[in-house]
Amino acid sequence: MGILAPVIILGTIGAVFGLWLGFVEKLFAVSKDPRIERIFSLLPGSNCGACGQAGCMGLAEALSSGDAKSVTCPAVHDQERKTIAEIIGQKDIHKEKTVAVLLCGGGNKCKDNYQYYGVKDCLAADLILKGPKACAFGCIGMANCLRACPFNAISMGDDGLPRIDRGKCLSCGKCVKACPRGLIAIVPRDKNYHIRCRSKDKGADTIKVCKAGCIACGKCVTACPAGAIEIKDNVAEINYSKCVNCGKCVTACPTKAIGKEA
């Protein structure tokens, strides 16, 4: 009996606390919307934050609660987008298909100012005399965009420039934010031609440091039958809403600063 008494007492106390905890759990339990898990299973799970929420679960919760009015995830596929819209009782909203593109054709065509031996980071390199490249507007080539991409859609080419795999790119925009020089843009996926230069230097100065730079000659403007190109701040720009993919701008460009998607 000497050892039995404390066992009975402790067992009784344990049972009482167990029953109390069970009661409290039932009393204060918060029911979870079953649609959250269904929606979450249809999202890519990359937690890139491009939708404006704190990851995919955040978007799933916002959609189920009504805080998010549409499927704002740029990486979700069409079928999943439609299914999610059905779950939350909304009509599927057509979303223009987009893709990330690089707006620099420099790389090894651009002269170097100096040899850089520091941290392989575009932001760090940019702090030292605006980076090792002679063009202060061009790609630094330290692959910040590659590291930021959650879909492994970016690799570095032999020319020192990022290569964006259009088949893998889901247009989340993480690479856009990672590039300190704004050289990656999200554009309509069905547009094939892009100005691969963002230099605002005068044409003569641009071509001195980069063979692939835009010299703002305006020949592409004249060649474009849709009026989709204009010169702003010494560099050509394409208005994608007007571009008809004819490619005449590429033929007219003397420096090949306009690129065509493969």
Side-chain angles (χ1 to χ4, degrees), residues 98-114 116 120-149 153-166 168-169 171-189 191-217 219-220 228-240 243 247 249-250 252-262:
T98 55
V99 69
V101 298
L102 178 66
L103 304 180
C104 177
N108 56 18
K109 296 177 183 174
C110 180
K111 294 180 179 178
D112 292 331
N113 265 340
Y114 59 88
Y116 176 78
K120 294 292 184 182
D121 181 274
C122 296
L123 286 168
D126 194 44
L127 293 175
I128 303 175
L129 301 174
K130 295 186 177 181
K133 290 294 181 181
C135 176
F137 301 91
C139 177
I140 299 172
M142 300 291 170
N144 282 31
C145 54
L146 180 155
R147 292 187 289 274
C149 178
I154 301 179
S155 59
M156 294 303 294
D158 294 337
D159 58 359
L161 292 173
R163 295 280 187 273
I164 299 174
D165 186 331
R166 291 168 65 90
K168 293 181 178 178
C169 176
S171 188
C172 70
K174 297 283 279 189
C175 56
V176 176
K177 295 178 182 177
C179 178
R181 293 189 171 176
L183 293 173
I184 300 180
I186 301 297
V187 305
R189 186 175 281 269
K191 300 303 180 184
N192 297 328
Y193 301 96
H194 313 288
I195 309 295
R196 306 287 196 194
C197 180
R198 299 304 301 154
S199 175
K200 295 181 180 179
D201 288 336
K202 291 182 178 178
D205 296 327
T206 296
I207 204 67
K208 282 181 182 177
V209 298
C210 181
K211 295 178 181 177
C214 173
I215 56 175
C217 64
K219 291 185 177 179
C220 55
I229 305 179
E230 60 181 325
I231 304 294
K232 290 183 178 179
D233 297 326
N234 294 320
V235 64
E237 286 193 7
I238 292 180
N239 183 336
Y240 289 105
C243 176
C249 55
V250 175
C253 179
T255 64
K256 306 304 177 187
I258 303 177
K260 179 185 179 183
E261 293 296 339

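Computed from a predicted model, the values in this text were never measured in an experiment.
- At a threshold of 4.0 Å, the pair Asp126-Arg181 counts as salt-bridged, since one of the basic side-chain nitrogens sits closer than that to a carboxylate oxygen.
- Taking the side chain as every heavy atom from C-beta outward, Leu146 and Met156 approach each other to under 4.5 Å.
- Put simply, CD1 on Ile258 and NZ on Lys219 are 12.0 Å apart, with the number rounded to the nearest 0.5 Å.
- Contact of the Tyr116 side chain with the Lys133 side chain is not registered, since no non-hydrogen atoms from C-beta on lie closer than 4.5 Å.
- Taking each heavy atom of Ser199 and Thr206 in turn, the nearest pair found is OG-OG1, 3.0 Å.
- With a 4.5 Å cut-off on side-chain heavy atoms, Asn113 and Leu129 do not count as touching.
- Glu237 is not listed as a side-chain neighbour of Ile195, based on a closest heavy-atom distance of 4.5 Å or more.
- Side-chain contact between Val187 and Val99 is present, with heavy atoms from C-beta onward closer than 4.5 Å.
- What you find for Cys122 and Asn144 is that their closest heavy atoms are N-OD1, 2.9 Å.
- Using a 4.5 Å heavy-atom cutoff, the side chains of Thr255 and Ile207 are in contact.
- With a 4.5 Å cut-off on side-chain heavy atoms, Ser155 and Asp165 do not count as touching.
- With salt bridges taken as basic N to acidic carboxylate O contacts below 4.0 Å, none links Arg163 and Glu261.
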